[in-house]
A.B. asks: 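The structure is given below, and queries will be raised subsequently.
We name chains A, B, ... by the order of the sequence lines, and we start the count at 1 in each one.
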Amino acid sequence: MKITFPNGDVREFPNGITGMEITKSISERLAKEALGIFVNGEKKDLSLPIQDDASIEIVTFDDTRGKEIFWHSSAHLMAEAVQSIYPGTKFGVGPAIENGFYYDIDIPGGKKLSIDDLPQIEKKMMELANASLEYHRTDVTWDEAIEHWKKIGDEYKIELLEGLKGQEISFYQQGNFIDLCRGSHVPNTSHIKFVKLLSVAGAYWRGDSTRSMMTRIYGITFPKKKMLDDYLTMLEEAKKRDHRKLGKELELFMITPAIGGGLPVWLPKGTTVRRKLESFLRDELIKRGYVEVITPHIGNLNLYKTSGHYPYYAESQFAPIKVDDEEYLLKPMNCPHHHQIYSFKPRSYRDLPVRLAEFGTVYRYEQSGELSGLSRVRGFTQDDAHIYCMHEQLKDELINAVDLTQLVFTTFGMEVTTRLSFRDKTNTEKYAGDSDTWDKAEKEIKEVADQMGLKYEIGIGEASFYGPKIDFIVKDAIGRKWQLGTVQVDYVMPERFGLEYTGADNQPHRPVIIHRAPFGSMERFLSILIEHFAGNFPFWLAPVQLNILPIGGNQNEFAYNLKKSFDDLGFRTEIDVRNEKINRKIAESETQKVPYAIIIGQKEMDENLISLREHGKGNIGNFSIDDATALFLKLNQPGGEKENI
RNA sequence: GCUGAUGUAGCUCAGAUGGUAGAGCACUUCCUUGGUAAGGAAGAGGUCACCGGUUCAAUCCCGGUCAUCAGCUCCA
């Protein structure tokens with residue numbers, strides 16, 4: 001039979017040869033490192049005989065698909081270790097994930113693991129790995145399978161099997177551990193050389209909060225020690241970027257139970273950064289024909305009944321406030337207020353689009369377990385806007401809104417993924433509006449995305465209740481994904497609020513609304529931005545831009561005059577005239593991540609120069625005050641740091 | 001909200017089997033006037049998260065609350 005390799009080579013092999021035998025014929029080294037084989041694109045075990053002409057691809061740990069097989073096998077290995085330490089443990093699911101694997105387990109007697117139990121499991125895993133146990137596949141009938149798991153009494157596996165009726169069923173066994181599994185797996189456990197179990201946490205069975213809580217163990221394994229060490233170092237480095245840590249160290253924000261969990265308070269330095277972001281965006285809004293509005297933090301409950309938000313999200317809102325005979329809600333979003341502004345006066349087709357923008361603070365009662373730094377909070381400010389337009393204008397407006405969002409991400413050099421968030425058609429309860437309108441809106445969004453050449457994934461069930469969205473998603477320092485920017489199409493609210501404009505035909509028409517927020521939430525955006533820059537803000541955003549450090553008392557007057565001239569130009573300048581050595585002043589300036597330290601000694605005074613020290617770089621030499629000022633002025637523009645200096 | 005863990009000085013963390021606690025940094029004062037990442041000394045600073053219970057005695061043991069962390073669920 002003919003076997004085709006990824007590079008196009010075709011070689012002849014006897015029928016029934018296994019993947020491993022082919023691998024060995026290529027090289028001993030590859031045979032050692034091979035973890036799996038793709039036969040005609042299908043993932044298979046290397047031990048499986050190949051019967052017919054096929055194209056094959058052998059994967060190692062260098063390949064993402066190889067890692068997936070490796071970590072999936074590691075999950076089985078961990079399960080075996082757990083089973084041997086805690087006999088009678090029942091197993092849920094144990095897949096490979098982006099970085100490593102997990103297994104959901106249920107230990108008899110309701111025992112819950114803690115992080116202290118993990119080293120013991122790791123040790124057992126290494127023991128089993130060293131025993132070089134083969135992963136052996138057995139194809140079974142559904143009846144055989146169900147009988148096996150009933151005998152063991154693992155209701156989780158039984159439930160999984162119920163969903164697999166009529167499909168091919170296979171077991172995998174290594175050592176004493178048998179699992180219901182589709183495969184494939186690495187040849188034997190000896191490939192798994194280094195293991196680190198990272199955390200243990202609860203996880204609902206089948207992700208359903210009404211069902212039992214299992215124990216989930218997260219872990220990662222590698223074939224080489226250096227890989228594990230590098231990964232752990234990377235985790236450590238990531239922790240240093242954590243915005244909650246940097247927020248404290250750089251005095252950007254605080255969260256205190258004295259005010260309330262999930263209610264961040266912006267300290268002076270954090271406020272500076274936030275205001276700079278706001279004015280950056282405000283400048284863009286003006287260029288793009290938005291007008292700014294301001295609306296109150298609370299609104300009559302009836303507004304939210306009209307919009308439908310109140311019934312949809314009653315659980316996650318702060319309780320209404322009763323005043324006299326009326327009830328008010330801390331506003332959970334800005335839209336209904338903006339709709340009132342739209343309705344303030346009759347609108348003509350000539351007025352459209354109307355683009356109302358507001359940095360609007362909203363309050364949502366998020367579940368306590370969800371609160372996290374600035375990323376998930378109960379009070380936050382959206383860079384919100386609502387665009388009311390005619391249907392003919394919709395696509396252009398969507399393009400403009402997406403373009404603005406992209407400008408934000410490119411300005412900061414952030415990596416984003418784009419998701420078209422569509423409804424889940426099977427969940428009719430969740431969505432307002434009729435199905436045809438939804439189809440139309442989703443089609444329009446997709447057309448815009450395609451027209452703009454966006455690379456996107458489609459998220460079924462991710463739409464909001466009133467319409468589909470284009471969402472922009474980024475990862476934080478420790479790899480968690482967060483939605484930032486969003487652009488949404490809404491045919492529902494114009495209907496509910498009876499919004500109208502008079503057309504050229506002198507007849508009333510319904511506008512379409514675009515909800516959009518390029519940053520999303522200022523809080524969440526800042527959290528990502530802090531981590532993105534690891535606290536090293538570009539000059540134009542830095543809370544303190546220039547730190548003037550006189551070497552001795554004789555230079556203080558010169559330094560103060562210098563500070564004043566920089567202050568007058570609008571730079572954020574600090575001066576350190578403490579009776580301290582210059583090394584200490586520099587060290588503290590570096591720790592605070594101030595972009596430039598300006599060092600003034602007798603030499604500089606004599607020559608009327610300043611010595612510049614760039615954060616993270618060190619001394620960059622002496623400059624005339626004019627040259628330095630020109631540099632700072634250039635850097636003070638958004639994106640200015642990207643120009644070569 | 002759920003599972004598990006954690007909560008000691010402004011920050012980062014030690015600590016004792018139950019007898020009211022300690023370091024480094026920061027802070028205050030004094031000495032040091034210094035050239036590109038932390039000079040020296042002294043001092044001050046704590047209801048050991050909060051509320052109950054057990055005990056002669058609780059920061060430590062038990063229960064509850066709040067907050068934080070990891071994850072699950074949720075996210076207009």
A.B. asks: Please list, in numerical order, the residues of residues 470-480 of chain A that have a heavy atom closer than 4.0 Å to any atom of RNA chain B.
C.D. replies: A:Ile478, A:Arg480
A.B. asks: Tell me whether the side-chain N or O atoms of A:Arg376 pair up with the base of B:rC75 as donor and acceptor below 3.5 Å, since no angle test is needed here.
C.D. replies: yes
A.B. asks: Taking ring pair (Phe, Tyr, Trp, His ring centres under 6.0 Å) as the definition, give me every residue that meets it alongside A:Phe497, ordered by chain and number, with sequence neighbours left out.
C.D. replies: A:His339
A.B. asks: Compare the minimum distances between each of B:rC74, B:rA38, B:rU12 and the side chain of A:Lys248, then state the nucleotide with the smallest one.
C.D. replies: B:rU12
A.B. asks: Would you indicate which nucleotide in B:rC66, B:rA76, B:rC72 comes nearest to any side-chain atom of A:Lys469?
C.D. replies: B:rA76
A.B. asks: Consider the side chain of A:Lys581, meaning its heavy atoms from C-beta on, and name the nucleotide among B:rG35, B:rG34, B:rU36 that approaches it most closely.
C.D. replies: B:rG34
A.B. asks: Using heavy atoms to find the nearest nucleotide of RNA chain B for A:Pro332 and A:Ile255 separately, return the residue whose nucleotide is more 5′.
C.D. replies: A:Ile255
A.B. asks: With rounding to the closest Å, how many angstrom separate the P atoms on B:rG43 and B:rC62?
C.D. replies: 39 Å
A.B. asks: Can you list the residues that meet the ring pair (Phe, Tyr, Trp, His ring centres under 6.0 Å) rule with A:Tyr312, with sequence neighbours excluded?
C.D. replies: A:Phe465
A.B. asks: A:Phe558: what forms a ring pair (Phe, Tyr, Trp, His ring centres under 6.0 Å) with it, not counting sequence neighbours?
C.D. replies: none
A.B. asks: Distance criterion of 3.5 Å, no angle test: do you see the side chain of A:Ser611 paired donor-to-acceptor with the base of B:rU36?
C.D. replies: yes
A.B. asks: Going by the angle between their ring planes, with limits at 30° and 60°, are A:Trp205 and A:Tyr156 parallel, tilted or perpendicular?
C.D. replies: perpendicular
A.B. asks: Under the salt bridge (charged side-chain N to carboxylate O under 4.0 Å, His left out) test, which residues partner A:Lys240, sequence neighbours left out?
C.D. replies: A:Glu237
A.B. asks: If I pick the C1' atom on B:rA44 and the same atom on B:rA26, what distance separates them, to the nearest angstrom?
C.D. replies: 13 Å
A.B. asks: If we take the C1' atom in both B:rC11 and B:rC27, what is their distance in whole Å?
C.D. replies: 12 Å
A.B. asks: Using the salt bridge (charged side-chain N to carboxylate O under 4.0 Å, His left out) rule, collect all pairs that involve residues 516-531 of chain A, keeping only residues at least two apart or in two chains.
C.D. replies: A:Arg274-A:Glu523
A.B. asks: Does A:Gly553 or A:Arg613 map to a spot on RNA chain B nearer the 5' end, using the closest nucleotide for each?
C.D. replies: A:Gly553
A.B. asks: Mind telling me whether A:Phe539 and A:Phe632 have parallel, tilted or perpendicular rings, with 30° and 60° as the class edges?
C.D. replies: parallel
A.B. asks: Quick one: stems for RNA chain B, with Watson-Crick or G-U pairs under 3.5 Å, at least three in a row?
C.D. replies: B:1-7 with B:66-72, B:10-13 with B:22-25, B:27-31 with B:39-43, B:49-53 with B:61-65
A.B. asks: In terms of the angle between their ring planes, are A:Tyr304 and A:His337 parallel, tilted or perpendicular, with boundaries placed at 30° and 60°?
C.D. replies: tilted
A.B. asks: Set out, line by line, the N/O atom pairs under 3.5 Å between protein and nucleotides 26-28 of chain B.
C.D. replies:
| residue | atom | partner | partner atom | Å |
| --- | --- | --- | --- | --- |
| B:rA26 | OP1 | A:Arg584 | NH1 | 2.8 |
| B:rA26 | OP1 | A:Arg584 | NH2 | 3.3 |

A.B. asks: Is any N or O donor-acceptor pair between the side chain of A:Ser589 and the base of B:rA37 shorter than 3.5 Å?
C.D. replies: no
A.B. asks: Counting side-chain heavy atoms from CB outward, which of B:rU36, B:rG35, B:rC74 is closest to A:Glu366?
C.D. replies: B:rC74
A.B. asks: Out of B:rU36, B:rC72, B:rA76, which nucleotide sits closest to the side chain of A:Glu604?
C.D. replies: B:rU36
A.B. asks: Taking side-chain hydrogen bond (donor to acceptor under 3.5 Å, both in side chains) as the definition, give me every residue that meets it alongside A:Glu236, ordered by chain and number, with sequence neighbours left out.
C.D. replies: none
A.B. asks: Can you identify which nucleotide, out of B:rA76, B:rA70, B:rU36, has its nearest atom closest to the A:Ser464 side chain?
C.D. replies: B:rA76
A.B. asks: Can you pull the salt bridge (charged side-chain N to carboxylate O under 4.0 Å, His left out) pairs that have at least one residue in residues 197-209 of chain A, sequence neighbours excluded?
C.D. replies: A:Glu159-A:Arg206
A.B. asks: Under the rule for salt bridge (charged side-chain N to carboxylate O under 4.0 Å, His left out), what residues qualify as partners of A:Glu444, not counting sequence neighbours?
C.D. replies: none
A.B. asks: Check whether A:Tyr231 forms a cation-pi arrangement with A:Lys196 (NZ or CZ under 6.0 Å from the six-membered ring centre, at most 45° off the ring normal).
C.D. replies: no
A.B. asks: Between A:Glu442 and A:Arg423, is there a donor-acceptor pair closer than 3.5 Å when you use the side chain of the first and the backbone of the second?
C.D. replies: yes
A.B. asks: Taking the six-membered ring for Trp, is the centroid-to-centroid distance between A:His386 and A:Tyr342 below 6.0 Å?
C.D. replies: no
A.B. asks: How would nucleotides 1-6 of chain B be written as a contact map, 5' to 3', with B for base contact, S for sugar-phosphate-only contact and - for no contact, using protein heavy atoms under 4.0 Å?
C.D. replies: BBBS--
A.B. asks: Under the 5.5 Å and 30° test, is A:Tyr466 stacked on the base of B:rA76?
C.D. replies: no
A.B. asks: So A:Phe519 and A:Phe525, would you call those rings parallel, tilted or perpendicular, with 30° and 60° as cut-offs?
C.D. replies: tilted
A.B. asks: In terms of side-chain heavy atoms of A:Lys603, which of B:rA76, B:rU12, B:rG35 is nearest?
C.D. replies: B:rG35
